[in-house]
Amino acid sequence: MRYDYVIAGGGSAGSVLANRLSEDPSSRVLVLEAGHMDYPWDVFVHMPAALSFPIGNRFYDWKYESEPEPYMHGRRVFHARGKVLGGSSSINGMIFQRGNPMDYERWAADTGMEEWDYAHCLPYFKKMETCLAGADEWRGGDGPLILERGPATSPLFRAFFQAVQEAGYELTKDVNGYRQEGFAAFDRNIHRGRRLSAARAYLHPVMKRPNLDVKTLAFVNRVLFDGTRATGVEVVQRGKAMRIDAGEVILCGGAVNSPQLLQLAGVGNARELEAVGVKAIHDLPGVGENLQDHLEVYVQYSSKLPVSVAPAYKWRNRPKVGAEWVLRHTGPGASNHFEAGGFVRSNDDVAYPNLMFHFLPIAIRYDGSAPQGHGYQVHVGPMYSDARGSVKIVSPDPRQHPALRFNYLSTEQDRREWPEAVAVARKILTQPAFDPYNGGELSPGPSVSTDDEVLEWVARDAETALHPSCTCAMGVGERAVVDPQTLRVRGLEGLRVVDASVMPYVTNGNIYAPVVMLSEKAADLIRGNTPLPANRAPFYRYEPAMASAQSSEAP
């Protein structure tokens with residue numbers, strides 16, 4: 001069968017496009033997802049508190065890792081990527097952050113990117129969401145993504161909000177509204193106690209459309225071409241190889257798999273492709289370059305009082321927590337526990353926040369490992385590292401993972417901002433509001449104090465925040481891969497890329513929300529619809545001379 005659109009990847013972007021493109025009953029749409037179905041009975045996918053279980057599990061996670069990072073003692077940094085319908089939105093931390101409006105002003109400052117400014121992106125942010133805290137000039141009220149704001153009312157969260165103010169920072173009404181800078185309860189992709197992945201929000205409600213097919217366990221080996229036109233894909237499903245013809249192929253595999261599929265098809269740096277045994281059909285040097293990510297550390301403290309959520313994670317209590325969630329979708333299992341955090345500037349040279357904080361009322365790592373007893377922590381890391389890496393295939397075998405090089409900590413900016421980030425975290429967590437709880441710093445610990453010691457600790461201990469992006473960047477320059485007006489791969493026909501890889505610069509926050517936004521906008525561009533009109537809603541801009549007089553609330 002021939003399809004009008006074949007979508008390679010059933011993750012965040014693929015789910016959005018499947019919904020929007022199949023709204024036209026005359027278009028036949030196929031989604032190919034290499035992972036398995038997000039079965040409704042799978043508690044590891046749908047229970048918010050179970051988020052540590054899928055990460056690192058081969059049934060849910062592709063389990064990528066970087067090449068040895070030269071500025072991190074040659075460590076290979078583990079990278080989780082979702083291996084299930086919904087992609088990484090089915091295994092991530094469920095934190096919904098749009099990024100700062102200035103992120104999109106930065107995008108639009110590049111030639112050809114003028115219609116990706118905040119005013120042109122905001123209508124799609126509003127279109128995609130139902131913000132239960134209330135729709136307004138900045139927030140949507142009837143979109144597929146239903147957003148619940150974290151309650152953040154426990155004693156540790158109350159202490160956190162008091163401490164940030166004691167440290168000289170402000171609260172903000174909504175980090176996704178008028179003003180991102182400051183601290184607030186976070187929006188989360190959780191609804192009625194269950195994870196609301198992109199697949200659940202966009203794909204499952206329309207799965208019965210007669211013009212939409214979804215195939216899981218369908219591994220796309222390569223994109224097929226006739227000259228410079230993509231004509232379909234080669235896919236393997238349950239051991240059977242087949243060709244599927246398409247009017248258009250849309251790559252939605254994310255910052256790793258989309259450039260990998262392009263390179264396997266012969267689209268990329270021709271010299272490098274030939275060196276690994278792939279015949280080049282289109283020399284496009286930017287494919288796989290410009291890799292960006294966020295690195296983060298956990299600054300952890302012991303709690304003198306038993307007020308953390310640590311008991312819910314003890315093995316003896318997990319059956320009770322699980323049973324309450326299964327029966328009523330309530331209790332500790334119904335939260336991701338990332339209920340609050342914020343954004344600040346670590347120095348006066350940056351125009352808008354360059355640090356992100358997630359507060360967690362337990363001392364724990366993503367893999368579920370935790371010290372004994374009660375504790376709390378912040379996840380913190382710089383948002384705008386100028387380090388750049390790459391994704392490059394190492395053989396013509398599509399099942400061999402490409403080489404991921406991030407070059408973490410490789411720049412002067414990194415070496416300046418990391419000590420600043422840890423200093424701000426410590427400043428907050430040692431304020432008087434935490435005195436009743438502060439049982440001492442667990443990580444990095446009192447022995448890490450100088451800038452050099454902080455950098456050494458970060459090199460040993462930091463983990464990815466799982467925001468790889470920008471490897472098929474939109475633009476019109478020599479290193480650009482995708483046309484900003486059409487999302488087509490430059491110089492080719494019948495082939496587009498829509499996912500985190502097309503961002504020119506990573507946004508300052510978790511990237512799920514920006515990916516859904518750009519996918520919503522891409523759907524209009526692909527269908528030839530008139531894009532939504534620009535929304536010129538104001539947003540907060542930091543002005544040093546006026547900072548002391550600025551309110552943290554919207555005008």
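Since this is a predicted model, take the numbers as computed values, not measurements.
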message: Does Y71 have more than 12 heavy atoms from other residues, nucleotides or ligands lying within 6.0 Å of its OH?
response: no
field: Qualifying ring pair (Phe, Tyr, Trp, His ring centres under 6.0 Å) pairs, either residue in residues 413-455, two or more places apart
entry: Y376-F434
- prompt: Regarding Y178 and D136, is there a side-chain donor-to-acceptor distance under 3.5 Å anywhere?
  reply: no
Heavy-atom closest pair, residues Q260 and P398: NE2-O, 3.3 Å
field: N510 vs H358, side-chain hydrogen bond (donor to acceptor under 3.5 Å, both in side chains): CA-CA, chis, key distance, verdict
entry: CA-CA 11 Å; N510 301 68; H358 299 156; 3.3 Å; yes
query: Is it true that R200 and D38 have a side-chain N and a carboxylate O under 4.0 angstrom from each other?
result: no
- prompt: Under a 4.5 Å cut-off applied to non-hydrogen side-chain atoms, are L518 and V502 in contact?
  reply: yes
field: Close side-chain approach of T471 to S501, heavy-atom, < 4.5 Å
entry: yes
- prompt: R426 and E441: salt bridge (charged side-chain N to carboxylate O under 4.0 Å, His left out), yes or no, with the steps?
  reply: CA-CA 9 Å; R426 284 170 156 169; E441 187 175 280; 2.7 Å; yes
task: Would you mind checking if D61 and K83 are paired as a salt bridge, meaning a charged N to carboxylate O distance below 4.0 Å?
output: no
field: From CA spacing to verdict: side-chain hydrogen bond (donor to acceptor under 3.5 Å, both in side chains), E420, N347
entry: CA-CA 8 Å; E420 293 174 344; N347 61 71; 3.0 Å; yes
task: Look at E129 together with R98 and state whether they make a salt bridge at an N to O cut-off of under 4.0 Å.
output: yes
field: Validation row: V506, D293 side chains within 4.5 angstrom (heavy atoms)
entry: no
field: Distance-minimising heavy-atom pair for L261 and V220
entry: CD2-O, 3.6 Å
task: Quick one: pull up CG in L32 and SG in C252 and give me the separation to the nearest 0.5 Å.
output: 10.5 Å
- prompt: Between H294 and E296, is any side-chain donor less than 3.5 angstrom from a side-chain acceptor?
  reply: no
task: Measure across G93 and L51 and return the closest heavy-atom pair with its distance rounded to 0.1 Å.
output: CA-CD2, 4.3 Å
message: When you compare the side chains of E417 and S346, does any donor N or O come within less than 3.5 Å of an acceptor on the partner?
response: no
- prompt: Once you round to the nearest 0.5 Å, how far does CG of N92 lie from CE of M94?
  reply: 6.5 Å
field: Closest non-hydrogen atom pair, M383 against G509
entry: SD-N, 3.4 Å
message: Working note: V45 + Y60, criterion side-chain contact (heavy atoms from CB on, under 4.5 Å); need CA distance, chi angles, decisive distance, verdict.
response: CA-CA 9 Å; V45 168; Y60 301 94; 3.7 Å; yes
query: Looking only at heavy atoms, which two atoms of S519 and L17 are closest? And how far apart?
result: O-CD2, 3.6 Å
query: Counting only heavy atoms not in D142, do more than 12 sit closer than 6.0 Å to its CG atom?
result: no
field: Under 3.5 Å side-chain donor-acceptor pair for H374 and S308
entry: yes
field: Stepwise ring-ring contact (aromatic ring centres under 6.0 Å, His included) check, Y39 with H46
entry: CA-CA 9 Å; Y39 303 107; H46 301 295; 9.5 Å; no
field: Carboxylate-amine/guanidinium proximity below 4.0 Å for E67 and R76
entry: yes
- prompt: Hey, mind stepping through F59 and H36 against ring-ring contact (aromatic ring centres under 6.0 Å, His included) and telling me if it holds?
  reply: CA-CA 8 Å; F59 189 64; H36 58 82; 3.9 Å; yes
field: Donor-acceptor contact below 3.5 Å, side chain S443 vs main chain Y298
entry: yes
task: Test side-chain hydrogen bond (donor to acceptor under 3.5 Å, both in side chains) on Y384 and Q292 and set out the steps.
output: CA-CA 9 Å; Y384 300 117; Q292 298 170 43; over 6 Å; no
Nearest-0.5 Å distance, CG of residue N354 to CZ of residue R416: 8.5 Å
task: Enter the distance from L196:CG to I190:CD1 here, rounded to the nearest 0.5 Å.
output: 9.5 Å
- request: Report the C-alpha distance between N100 and N508 in whole Å, list the side-chain angles of each, state the deciding distance to 0.1 Å, and finish with yes or no for side-chain hydrogen bond (donor to acceptor under 3.5 Å, both in side chains).
  value: CA-CA 6 Å; N100 194 285; N508 81 332; 5.1 Å; no
message: Please tell me whether T172 and R179 have a donor and an acceptor in their side chains that are separated by less than 3.5 angstrom.
response: no
- prompt: Can you find a heavy atom in the side chain of V214 that is under 4.5 Å from one in the side chain of L30?
  reply: no
task: Indicate yes or no: does R195 engage D42 in a salt bridge with an N to O separation below 4.0 Å.
output: no
- request: To the nearest 0.5 angstrom, please state how far the CZ atom of F161 sits from the OG1 atom of T153.
  value: 9.5 Å
message: Distance check, rounded to the nearest 0.5 Å: F53 atom CZ versus I91 atom CD1?
response: 14.0 Å
Residues Y104, F125; criterion ring-ring contact (aromatic ring centres under 6.0 Å, His included); working and verdict: CA-CA 12 Å; Y104 306 101; F125 276 122; 5.7 Å; yes
task: Check whether any side-chain heavy atom of F186 lies under 4.5 Å from a side-chain heavy atom of E339, and answer yes or no.
output: no
message: Checking F183 against E170 for the side-chain contact (heavy atoms from CB on, under 4.5 Å) test, could you report, in this order, the C-alpha distance in whole Å, the side-chain angles of both residues, the deciding distance, and whether it holds?
response: CA-CA 7 Å; F183 292 84; E170 295 185 72; over 6 Å; no
- prompt: Between S410 and R415, do the side chains contain an N or O donor and an N or O acceptor separated by less than 3.5 Å?
  reply: no
message: Run L429 and F359 through side-chain contact (heavy atoms from CB on, under 4.5 Å) and show every step you take.
response: CA-CA 10 Å; L429 296 178; F359 182 77; 4.2 Å; yes
message: If you apply the rule side-chain contact (heavy atoms from CB on, under 4.5 Å), what do you find for V77 with M72, and how did you get there?
response: CA-CA 9 Å; V77 179; M72 299 180 75; 4.3 Å; yes
- prompt: Is the shortest heavy-atom distance from the side chain of R139 to the side chain of K126 under 4.5 Å?
  reply: no
- request: Decide yes or no for Y301 and L442: does some side-chain heavy atom of the first lie under 4.5 Å from some side-chain heavy atom of the second?
  value: no
- prompt: What heavy-atom pair brings E453 and S449 nearest, and what distance separates the two atoms?
  reply: OE1-N, 2.8 Å
- prompt: Do Y169 and F357 have side-chain heavy atoms sitting under 4.5 Å apart?
  reply: no
- request: Determine, for E520 against K127, whether the closest basic-nitrogen to carboxylate-oxygen distance falls under 4.0 angstrom.
  value: yes
